[in-house]
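As structure tokens, the structure follows; a few thoughts come after it.
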Protein chains: 2
Amino acid sequence: MARKSLVGVVADELLDRIISGEFPPGSSVPGELELSARHDVSRMTVREAMKTLEAQRILSVERGRGTFVNPLNRWSSLEAVLRAASEGQNGPAAAVQLIELRRMLETGACELAAQRITDDELDGLRNCVADMRKAHQANNVASFVAADLAFHDQILHASENVFVAVLFEPLHRVLEKGRTETSKVPDIQEHAIGHHQNIFEALAARDPRQARNAMDAHMQQTLDDLRSYVLEA
Amino acid sequence: MARKSLVGVVADELLDRIISGEFPPGSSVPGELELSARHDVSRMTVREAMKTLEAQRILSVERGRGTFVNPLNRWSSLEAVLRAASEGQNGPAAAVQLIELRRMLETGACELAAQRITDDELDGLRNCVADMRKAHQANNVASFVAADLAFHDQILHASENVFVAVLFEPLHRVLEKGRTETSKVPDIQEHAIGHHQNIFEALAARDPRQARNAMDAHMQQTLDDLRSYVLEA
DNA sequence: ATTTGTCAGATGTCAGACATCTTGCGTCTG
DNA sequence: CAGACGCAAGATGTCTGACATCTGACAAAT
């Protein structure tokens, strides 16, 4: 499944070589002709692969001079930075930093949502929590995770901030797997239900500070869960 | 200066047409041949322009079917989303949302930095505040803004979180102009110096909560400044 | 009615060519 | 000898035309 196009393959391999340190930031990557020979593709294919990396600000192309690797803090692709940061022994550290980032965005969005949430959205949240309870009693992990994600999505939407949603989207994909893992434990499910209930009540009261604190507690517990899993693995 | 390449022009124009609503999310954009005729460029140029938009998850290309516009919340380019959100009457609202986002990231980073900042980095912050004072007395707006930005950059770096830095970088560029405007007012400069001094002291005390509150107050003031400017304009 | 063949249209890839920009090196001049 | 000039090598930018492959729909055969 998902046979990748050649340009995708070339882009991935080149990014791998960059991340592995073969082409450190500031240095130049091989010319288009050399790369097309190495990967046995045409120059156009190499160019299109380069364009995708350039669009993510991983490469800077300078006409007549060559193509250069940007410093990591200029990259605009969370996924690429994640791949780079997860190299070697930094995997766990990167995971923790991701949770930290998620915590900033979710607590902030929750605080905003408390001031802007509509009654309809509150109803939606109430249903999400109810679904989580049902799924918990029915021992249905998939439904539980779905309701969990829907809850957070609803809050994100209620924050009425497009940019937060945009920044959060890539995180969503990355964190999805880990979430399904931790949610398998019944105890963690119960804790999560309690936290979500608290968040809901704070939002229903339209109290920004309380909403923020409730979400913060939830994030803190998620971080603790992750630490436990990383330690035991 | 900065004569853009053809593919940049084509990509910009196509993005403009998307943002203007000519191609709403879910719909398809014209085929490569049609676009190459419209813009009077070759098909390869159109393809490379498409590739840049695809890399930013603005477009989804499906072989044999066509190229489709993704919903706005899937876009991974803050700048593109900003352009889309600023259309029509939404300019001020988008600006406020940007500040809200910045607030989340900066307060979060500041809280983290309080736990991790080194003595050297504290010295750097002290120097930044001193530079702001000097620039204020010398009435040098450019130096003032530079020291201001350096201060925030230092905190971002001290947070030791790569992802926050990555997400913040595009914000940096967007907010730079507005910052130079508000910093022209002497009163605002004085307020800013006070806030930065408070932030520095909280970080020096390595007190996360206090650091967060200090940065939050600073962000709140920035938001108020912006509102005043938007109202009077 | 279901299957199969075919075709139009879209994207994917290739090859070769020419244009333009940057840089360094050699040469010509003062 | 120093500086200006010019030229060629190497890199990216663009164009042209062609062929390959995938998708979806319609028509023909079973």
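Every heavy atom of this structure was used, including side-chain atoms; hydrogens, water molecules and symmetry mates were not. So that the names make sense, note that chain A is the first sequence line, chain B the second, and so on, each numbered from 1. For clarity, every value in this text was computed on a predicted model and none was experimentally measured.
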List in numerical order all residues of residues 37-53 of chain B for which some heavy atom is under 4.0 Å away from an atom belonging to DNA chain C. B:R43, B:M44, B:R47
Compare all side-chain heavy atoms of A:M132 with those of A:H136 and state whether any distance is below 4.5 angstrom. no
Answer yes or no: is there a side-chain heavy-atom contact under 4.5 Å between B:V29 and B:L53? no
Determine: side-chain N/O of B:T67 to OP1/OP2 of C:dT11, distance under 4.0 Å, yes or no. yes
I'd like to know whether NE2 of B:H172 has more than 12 heavy-atom contacts from other residues, nucleotides or ligands below 6.0 angstrom. yes
Send over the distance from A:L33 CG to C:dA17 C1', rounded to a whole Å. 13 Å
For A:E62 and C:dT22, give me the distance from atom CD to atom P, rounded to whole Å. 10 Å
Interatomic distance where CG belongs to B:L6 and P belongs to D:dT12 [whole Å]: 18 Å
Comparing A:V7 with A:G64, nearest DNA chain C nucleotide closer to 5' gives the residue A:V7
Should B:E79 and A:R57 count as an ion pair when the cut-off is N to O under 4.0 Å? yes
Does A:R65 have a side-chain nitrogen or oxygen under 4.0 Å from the phosphate oxygens OP1 or OP2 of D:dT12? no
How close or far is atom P of D:dA11 from atom CD of A:E32, stated in whole angstroms? 10 Å
Hey, do the aromatic rings of A:H218 and A:H152 have their centres closer than 6.0 Å? yes
Write down the distance between CG (A:L35) and P (D:dA11), rounded to a whole number of angstrom. 11 Å
Separation of C:dT13 C1' from B:R63 CZ (nearest whole Å): 8 Å
Tell me: CZ of B:F68 to C1' of C:dG9, nearest whole Å? 12 Å
Give a yes or no on whether a salt bridge exists between B:E32 and B:R43, defined as a side-chain N under 4.0 angstrom from a carboxylate O. yes
